[in-house]
Structures are given as structure tokens and as C-alpha cells.
There are 2 protein chains.
Amino acid sequence: MTKTTPSIIIADDHPLLLKGLSDFLIEKGFNLLGSGKDGREAYNLIIQNEPDIAILDIQMPYMSGLEIAQKCKSIDIETKIVLITLHKEKELYQKAQELNLFGYILKEFALEEIENCIKTVTDGVPFFSEKIKELIGVVLMEDNDLKTLTPSEKKILKLIAQDKTNKEIASQLFISYRTVEKHRSNIITKLNIEPKTNSLLIWAKEHHEKLL
Amino acid sequence: MTKTTPSIIIADDHPLLLKGLSDFLIEKGFNLLGSGKDGREAYNLIIQNEPDIAILDIQMPYMSGLEIAQKCKSIDIETKIVLITLHKEKELYQKAQELNLFGYILKEFALEEIENCIKTVTDGVPFFSEKIKELIGVVLMEDNDLKTLTPSEKKILKLIAQDKTNKEIASQLFISYRTVEKHRSNIITKLNIEPKTNSLLIWAKEHHEKLL
DNA sequence: CGAAAATTACGTGTTACCACGTATTTCATA
DNA sequence: TATGAAATACGTGGTAACACGTAATTTTCG
């Protein structure tokens with residue numbers, strides 16, 4: 001790893017954030033090659049410049065930060081990708097392993113943390129915010145429960161989250177209404193849900209993001 | 001209204017956004033008196049400087065933008081308050097009337113819109129983003145239904161949204177279990193909810209923000 | 001192939017939710 | 001004070017959700 005200033009491109013669909021980040025990096029003397037306001041622009045910037053680091057928002061029009069990371073991996077671009085987002089996205093932790101993600105920071109973090117992150121990543125060391133790590137712990141627990149579900153059970157859980165009744169689910173899956181009930185029962189047992197009347201519906205609603 | 005450049009203070013707890021907004025206003029030649037990173041700082045800045053305009057994030061530590069607006073009104077500070085936020089807060093439209101709010105913009109909006117907003121507000125004309133207005137339309141409809149609910153019905157609706165069963169609600173309110181059921185029935189009728197089994201729970205969950 | 005897991009299905013019983021109706025009491029206010 | 005709205009409460013009947021158990025069939029995989 002050379003000791004020259006790393007080249008960087010950034011992308012964010014929030015003009016204010018983009019400006020803030022851009023100004024900050026320039027002031028700090030980083031080698032900012034360019035910035036994009038959506039996923040397409042970001043992707044083009046990356047394949048044209050092959051920067052050392054790309055700091056990308058997760059949610060952007062046309063292409064998300066994750067999609068960009070995926071494509072970059074598939075075409076063997078060595079750009080280190082740092083995701084930046086407002087939300088503590090729980091699903092992220094797994095994908096971070098699969099893709100060549102090198103960092104994940106929250107927008108509300110201090111500017112110094114960004115500088116810190118860039119330096120760390122430049123040395124080839126992944127950087128994840130502390131708060132993210134906490135989340136990962138929690139999510140891992142919950143996901144362990146989820147993983148014990150069979151495919152059918154997951155499918156039914158999804159449908160429950162979509163406000164379907166047992167009968168609707170049954171006819172949709174061409175199985176008996178009783179079978180659906182049995183699955184429900186098994187799901188409740190596996191997920192250690194309190195045995196209240198609508199507890200499964202409530203659970204499904206609260207965790208419906210994880211069922212996608 | 002004088003034609004001099006309006007004095008402005010800004011506050012946001014996201015360093016990046018604050019920097020972006022700050023840099024932008026300075027570049028555009030606005031008279032930026034100061035900036036704060038939380039509600040307290042913002043409030044102090046306002047009462048000390050009594051700026052023409054205060055651009056505040058809604059969600060901030062110690063004091064929200066709305067609380068600041070409230071306090072400012074109570075002590076007759078004439079600063080025109082513009083709220084800025086990432087989320088399309090549905091509850092906002094009502095409060096905008098009560099307080100001396102002069103604007104509401106979304107962070108993802110173009111920088112030009114902010115400039116536009118400041119100019120409009122300087123002339124004493126409230127500025128609300130188009131997207132907000134759309135939302136207000138929708139929310140007004142829904143709220144009309146909500147307003148038809150009696151106090152007791154609202155209370156029960158809140159408890160339903162908190163996953164309480166009829167019996168729990170009954171014992172908590174010291175009323176009969178049957179009464180709760182009657183209320184439920186009335187609520188369903190008033191809100192035009194489809195007569196499915198857990199439809200009321202689902203409705204309450206989906207609208208639980210509005211029940212606060 | 002054989003064992004384990006998954007899927008399918010049913011029985012029985014309890015509780016919760018919902019509709020529709022009736023009826024009493026309380027309370028604000030025209 | 002009198003009218004009406006709201007809150008309270010109960011009856012009846014139907015559907016849905018859930019617990020717990022049994023069991024046949026299919027899939028999966030060592």
C-alpha cells in the first residue's frame with residue numbers, strides 16, 4: 001500500500017450531505033476525484049477512475065450502495081467501498097462479509113470519525129462503527145431463531161406479515177387450512193413468542209424487514 | 001420588511017448536514033450568525049441573536065425543532081422558524097398552524113430549494129415543499145376519521161396499538177370486557193376498516209404514530 | 001437405501017375478535 | 001331542564017387464532 005493520499009469518490013443523493021462531505025474531504029486535503037448524486041453516477045465514477053476508496057450512500061436512486069458493491073466485486077474492481085447511511089440497517093452485517101465492503105459509518109457520526117475511517121481503510125483494515133457492532137450482536141441472536149424456520153414456515157411467516165389470514169394463506173399455497181395452523185404453531189414455538197392471541201402477527205409486523 | 005440580507009442561524013445534529021448547509025449559506029452570501037449541533041445550542045442562539053430566520057432540524061438532542069418553535073412563540077420572539085428534516089413527518093401539518101412555523105423542507109431537496117425557501121420566508125410568506133402538501137392532503141383525510149373518535153375510543157385505540165388484548169384493556173381502564181368490545185366495534189365502524197379479524201390491530205399498528 | 005427432517009393434515013378445545021342489537025347511566029349544553 | 005352524545009354493560013352468534021396432540025406422506029441427505 002503506497003503512502004500517497006488515497007483517491008476518493010463519493011456519492012449521496014442528499015445534496016446537503018454531499019456538499020458537507022465533499023467540502024470536508026477537500027478541506028482535509030484528500031484526493032477527491034469526483035462525486036455523484038445517485039447510484040449510476042457513482043458507478044460510472046468508480047469504473048472510470050478506479051479510486052482507492054468509494055464512500056457511498058446506501059439508499060440512492062437507480063442503484064444502491066450495495067448494488068454498486070456487488071457489481072464492483074463481480075468485475076474485480078479493487079476500490080474499497082465504505083457505506084454511509086442514516087439508518088442502522090440491520091440486514092447489512094451479513095452482506096458486508098460477502099462483498100468487499102471495507103466500512104460502514106452512520107451519517108450522524110462526527111466528521112473526525114469519517115477521517116478516521118478513511119485512514120483505517122487506506123491501510124486495508126475494515127472500519128465499522130461501534131454502534132453497528134452492537135446491532136450486529138442483537139441481530140445475530142434474532143437471526144438464529146429465524147434460521148431454525150423451514151422454508152415453508154418462512155413463506156407462511158411472510159404472508160402473515162402481509163395481513164393474510166390462515167385461510168387466505170391456505171388457498172394461496174394450495175394447502176389445507178389446518179396445515180397453515182400447524183405451521184403457525186410451530187413457528188410460534190421456534191421463535192419463542194409469548195402465547196398471546198395476535199402475538200405472531202405482531203412479531204411478523206415488527207420483523208417484516210427481515211423476512212424479505 | 002427591510003431589504004437587507006436576513007440574519008440566519010441553523011442547527012442540525014448531523015455534522016455532515018450542518019457543514020453542508022453552513023457552507024452553502026456562506027457561499028451564497030447569507031448572513032449566517034451561527035450554528036448549533038443540538039436543540040439547546042439552537043435555542044440559545046435564537047434568544048441571544050433574535051435572527052430573522054432559524055433553520056432547525058426537527059430531531060435534535062435536548063430539544064426538538066418543534067419544542068424550540070413552541071418556546072419561541074411563548075416568549076414572543078419573532079424569528080421565523082423553518083424546519084428541515086429527512087422524514088416526511090405526518091403529524092407536522094397541524095402544529096405548523098399553531099406555532100409560528102414559516103417553512104418545512106426536506107433534506108433531500110435541492111440546494112436551490114433552500115435558497116428559494118429563505119427568500120420566500122424573508123418576505124413573510126410561508127414556504128412548504130410540494131411533497132409536504134401532498135402528504136397533508138392524505139393526512140387530513142385520515143385525520144378526519146380520527147377526529148370522529150370519542151376520547152375513550154382513542155384511548156382504547158392506543159392500547160390496542162400497544163398489543164393489549166381486550167381483557168387487558170378492560171382491567172387497565174377498570175371497565176367491563178364487553179365495553180371494550182363495544183368500543184372496538186364502534187371504532188371499526190367509524191374508521192371504515194374492513195371487517196377482517198385483526199384488521200383493527202393492523203390499522204392501529206400502521207397508524208400508531210398518529211395516536212400519540 | 002435408510003434415518004431424519006419437513007410437509008401435509010386432522011381432532012379437540014380454549015380464547016379472542018367482530019357484528020349487531022339493546023339498555024342504562026353520566027354529562028355537557030342548548 | 002331537557003335533549004343528545006358518550007360511556008358503560010350485556011346477549012347472542014359467528015369466525016379466527018392458538019395449544020397440544022397424532023399421524024401419513026414426501027424430501028433430503030448421510
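So that the names make sense, note that chain A is the first sequence line, chain B the second, and so on, each numbered from 1. Note that this is a predicted model, so its numbers are computed, not measured.
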Inset, instruction - Ignoring backbone atoms, establish whether B:Thr179 has a side-chain N or O less than 4.0 Å from OP1 or OP2 of D:dT8. - result: no

Legend entry - Qualifying residues under side-chain contact (heavy atoms from CB on, under 4.5 Å), relative to B:Leu45, sequence neighbours excluded: B:Ile9, B:Asn49

Legend entry - side-chain contact (heavy atoms from CB on, under 4.5 Å) partners of A:Thr189, counting only residues at least two apart: none

Dump every N/O contact between nucleotides 27-29 of chain D and the protein below 3.5 Å, one line per pair.
none

Legend entry - Between D:dC18 (P) and A:Trp203 (CH2): distance, integer Å: 14 Å

Legend entry - d(CG, A:Leu149; P, C:dA6) in whole Å: 10 Å

Legend entry - Interatomic distance, B:Glu168 CD vs C:dT15 P [rounded to whole Å]: 15 Å

N/O donor-acceptor pairs under 3.5 Å from side chains in residues 178-185 of chain B, not counting sequence neighbours:
{"from": "B:Glu181", "atom 1": "OE2", "to": "B:Tyr177", "atom 2": "OH", "distance (Å)": "3.2"}
{"from": "B:Arg184", "atom 1": "NH1", "to": "B:Asn166", "atom 2": "OD1", "distance (Å)": "2.3"}

Inset, instruction - Taking side-chain contact (heavy atoms from CB on, under 4.5 Å) as the test, write out the residues that go with A:Ser199, two or more places apart. - result: A:Ile193, A:Glu194, A:Lys196

Legend entry - Atom pair CD1/NZ of A:Ile169 and A:Lys164 - distance to nearest 0.5 Å: 8.5 Å

Inset, instruction - Round to the nearest Å and state the distance from A:Asp163 atom CG to D:dA17 atom P. - result: 11 Å

Inset, instruction - For A:Thr165, report the nucleic acid contact type (base, sugar-phosphate, nothing); a contact means any heavy atom under 4.0 Å. - result: sugar-phosphate

Inset, instruction - Let me know the distance between NZ of B:Lys155 and P of D:dA6, rounded to the nearest Å. - result: 15 Å

Please write out the pairs of protein N or O atoms and N or O atoms of nucleotides 18-26 of chain C separated by less than 3.5 Å, giving the distance to one decimal.
{"from": "C:dC18", "atom 1": "OP1", "to": "B:Thr197", "atom 2": "O", "distance (Å)": "2.1"}
{"from": "C:dC18", "atom 1": "OP2", "to": "B:Arg184", "atom 2": "NE", "distance (Å)": "2.7"}
{"from": "C:dC18", "atom 1": "OP2", "to": "B:Arg184", "atom 2": "NH2", "distance (Å)": "3.0"}

Legend entry - Residues forming a side-chain hydrogen bond (donor to acceptor under 3.5 Å, both in side chains) with A:Ser7, sequence neighbours excluded: A:Asp52

Legend entry - Side-chain donor/acceptor of A:Thr79 to backbone N/O of A:Pro51, under 3.5 Å: yes

Legend entry - Sequence-distant partners of A:Lys119, salt bridge (Lys or Arg N to Asp or Glu O under 4.0 Å), two or more places apart: A:Glu115

Inset, instruction - Please report, rounded to the nearest Å, how far the P atom of D:dA9 is from the CD1 atom of B:Ile169. - result: 14 Å

Legend entry - Value in whole Å for how far the P atom of D:dA17 lies from CG of A:Leu159: 13 Å

Inset, instruction - Return the value, rounded to whole Å, for the distance between atom NZ of A:Lys164 and atom C1' of D:dA17. - result: 18 Å

Inset, instruction - Give a yes/no answer on whether the side chain of A:His183 brings an N or O atom under 4.0 Å of OP1 or OP2 in C:dT7. - result: no

Legend entry - Results of side-chain contact (heavy atoms from CB on, under 4.5 Å) for A:Thr120 - residues two or more places apart only: A:Asn116, A:Val125, A:Phe127

Legend entry - Axis bend over the full length of the helix from C:dC1-D:dG30 to C:dA30-D:dT1, computed from five pairs that close each end, to 10 degrees: 40°

Legend entry - With sequence neighbours excluded, residues passing side-chain hydrogen bond (donor to acceptor under 3.5 Å, both in side chains) with B:Glu41: B:Lys37

Legend entry - Partners meeting side-chain hydrogen bond (donor to acceptor under 3.5 Å, both in side chains) with A:Ser171 (sequence neighbours left out): none

